[in-house]
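Below is one structure, written out as structure tokens; comments come after it.
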Amino acid sequence: MGKVRLGILVSGSGSNLQSIIDRIEAGALDAEIVVVVSNEPEAYGLVRAEKHGLKRALVNHREFGSREAFDRRLVEVLEAHGVELVVLAGFMRLITPLMIEAFPGRIMNIHPALLPSFPGTHVWQDQVDYGVKFGGCTVHFVDEGTDTGPIIIQAVVPVLDDDTAETLAARILKQEHRTYPAAIQLFAEGRLKIEGRRVRVMPLDRSRDEAFLTNPVVPQT
Ligand code: GAR
């Protein structure tokens with residue numbers, strides 16, 4: 001199976017980036033990270049990328065006159081690296097239609113709430129304040145809206161009586177680290193079909209594997 005070429009966009013800590021790196025290094029994700037892009041010079045995500053020998057690019061939004069000009073540069077960088085799937089991993093800039101047109105159905109985002117509840121920012125405190133009993137995370141394809149695109153996978157966690165924004169964020173983050181690599185793997189396997197608002201997950205096509213079946217089992221290359 002060919003590896004999907006990922007361009008990962010970060011703004012901060014990059015723990016989701018790390019979870020994707022770890023899965024790839026464990027041989028459990030059919031993807032390669034061809035570039036990590038940050039809009040923040042101090043993002044720890046860039047340090048993580050460097051530690052793993054990944055290509056890095058800084059596209060500082062402050063150096064651009066408009067969101068479109070910033071996005072045009074992002075698209076240039078991603079296309080120059082032959083990116084097939086754009087992965088927003090704690091990327092805290094709103095993207096414009098320009099990006100979506102360049103990568104139709106090929107931009108994913110992770111959001112720390114059960115969309116469509118609690119889009120936007122400050123979502124951990126909002127979940128605690130609202131008194132919901134369950135929170136979670138959502139991986140979705142990106143469309144023109146904010147956190148509105150077709151949903152690929154969600155994970156649920158309880159919201160406990162003594163939770164603060166911090167304790168809830170930590171509980172949700174653990175699930176983010178499981179769900180994002182899983183969503184990317186489904187994409188890599190060609191199993192995600194966008195039908196309007198819905199994402200259908202197609203069954204795994206084993207016919208190719210069966211052609212290589214041996215007894216005793218030998219590693220498939
Ligand atoms: C994650 O919780 C992610 O869901 C959230 O920012 C955090 C980034 O953490 N993203 C958003 O809120 C996007 N609107 P990380 O840098 O450690 O991956």
Side-chain angles (χ1 to χ4, degrees), residues 6-25 29 31 33 35-52 54 56-61 67 70-71 74 85-96 99-100 103 107-130 132 134-159 163-184:
L6 307 179
I8 304 199
L9 272 52
V10 300
S11 299
S13 154
S15 71
N16 276 291
L17 163 67
Q18 187 69 52
S19 73
I20 296 163
I21 292 172
D22 292 346
R23 297 293 288 171
I24 290 174
E25 291 185 353
L29 187 43
I33 299 171
V35 66
V36 174
V37 185
S38 174
N39 65 306
E40 290 288 353
E42 300 300 323
Y44 188 66
L46 285 173
V47 177
R48 295 183 194 268
E50 186 184 18
K51 283 185 179 167
H52 291 269
L54 300 173
R56 293 162 298 151
L58 174 65
V59 183
N60 189 333
H61 59 279
R67 283 191 196 281
F70 171 63
D71 269 16
L74 283 179
L85 178 65
V86 180
V87 176
L88 309 183
F91 185 65
M92 302 313 274
R93 305 296 300 171
L94 293 178
I95 62 169
T96 69
M99 267 278 271
I100 294 159
F103 296 96
I107 309 174
M108 278 185 194
N109 181 45
I110 191 156
H111 182 75
L114 294 172
L115 292 171
S117 294
F118 306 107
T121 51
H122 313 294
V123 295
W124 302 285
Q125 191 63 54
D126 288 351
Q127 289 173 82
V128 169
D129 290 347
Y130 197 94
V132 290
F134 290 99
C137 63
T138 304
V139 181
H140 63 93
F141 284 112
V142 173
D143 66 7
E144 266 89 1
T146 303
D147 302 324
T148 54
I151 291 171
I152 301 164
I153 185 168
Q154 294 184 304
V156 176
V157 302
V159 181
D163 263 331
T164 61
E166 289 70 32
T167 58
L168 179 60
R171 190 173 309 117
I172 292 173
L173 199 56
K174 271 192 194 164
Q175 300 309 316
E176 295 187 35
H177 297 162
R178 296 174 61 220
T179 49
Y180 219 173
I184 294 167

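Note that this is a predicted model, so its numbers are computed, not measured. Whatever order the structure lists ligands and atoms in, that order sets their numbers, starting from 1.
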Query raised in the report: So which protein heavy atom does atom 17 (O) of ligand 1 come closest to, and at what separation?
Result: S15 OG, 2.6 Å
Query - Note: R171-D163 ion pair, threshold 4.0 Å (strictly below) - result: yes
Query raised in the report: What residue and atom, counting heavy atoms only, is the protein's closest point to atom 8 (C) of ligand 1, and at what distance?
Result: G90 CA, 3.6 Å
**Report entry** Sequence-distant partners of E25, side chain to side chain contact (heavy atoms under 4.5 Å, CB included), two or more places apart
**Finding:** I21, H52
Query raised in the report: Between S13 and R48, is any side-chain donor less than 3.5 angstrom from a side-chain acceptor?
Result: yes
Query raised in the report: Looking only at distance, does M92 have an N or O less than 3.5 Å from an N or O of ligand 1?
Result: no
Report task. Could you pull out, from E176, H122, Q175, the option with a heavy atom nearest to atom 3 (C) of ligand 1? Result -> E176
Query - Positive for side-chain contact (heavy atoms from CB on, under 4.5 Å) with C137, one of L173, I172, V157 - result: I172
Requested in this report: Can you label the angle between the F70 ring and the F91 ring as parallel, tilted or perpendicular, going by 30° and 60°?
Outcome: parallel
Query raised in the report: V10: heavy atom below 4.0 Å from ligand 1, yes or no?
Result: no
Report task. Flag N16 as yes when one of its N or O atoms lies below 3.5 Å from any N or O atom of ligand 1, and as no otherwise. Result -> yes
Query raised in the report: What is the closest protein heavy atom to atom 16 (O) of ligand 1, and at what distance does it sit?
Result: G14 N, 2.7 Å
Report task. Mind checking the CG-CG spacing from L9 to N39? Nearest 0.5 Å is all I need. Result -> 8.0 Å
Report summary line: for atom 10 (N) of ligand 1, nearest protein heavy atom and its distance come out as I110 O, 3.7 Å
Report task. State the atoms of ligand 1, each with its element, that fall below the 4.0 Å cut-off from a heavy-atom position in S13. Result -> 16 (O), 17 (O)
**Report entry** Identity of the nearest option to atom 11 (C) of ligand 1, non-hydrogen atoms only, from P112, S19, A89
**Finding:** P112
Query raised in the report: Are any of the heavy atoms in W124 under 4.0 Å away from ligand 1?
Result: yes
Report task. Begin with the C-alpha distance, continue with both residues' side-chain angles, and end with the deciding distance and a verdict on side chain to side chain donor-acceptor pair (under 3.5 Å) for Q154 and T138. Result -> CA-CA 4 Å; Q154 294 184 304; T138 304; 2.9 Å; yes
Query raised in the report: Would H61 and R67 satisfy side chain to side chain contact (heavy atoms under 4.5 Å, CB included), going step by step from the backbone distance to the final call?
Result: CA-CA 8 Å; H61 59 279; R67 283 191 196 281; over 6 Å; no
Query raised in the report: How far is atom 14 (N) of ligand 1 from its nearest protein heavy atom, and which residue and atom name does that atom have?
Result: H111 ND1, 4.0 Å
Query raised in the report: What do you reckon, does Q18 put a non-hydrogen atom under 4.0 Å from ligand 1?
Result: no
Query raised in the report: Is any side-chain heavy atom of M108 closer than 4.5 Å to a side-chain heavy atom of L88?
Result: no
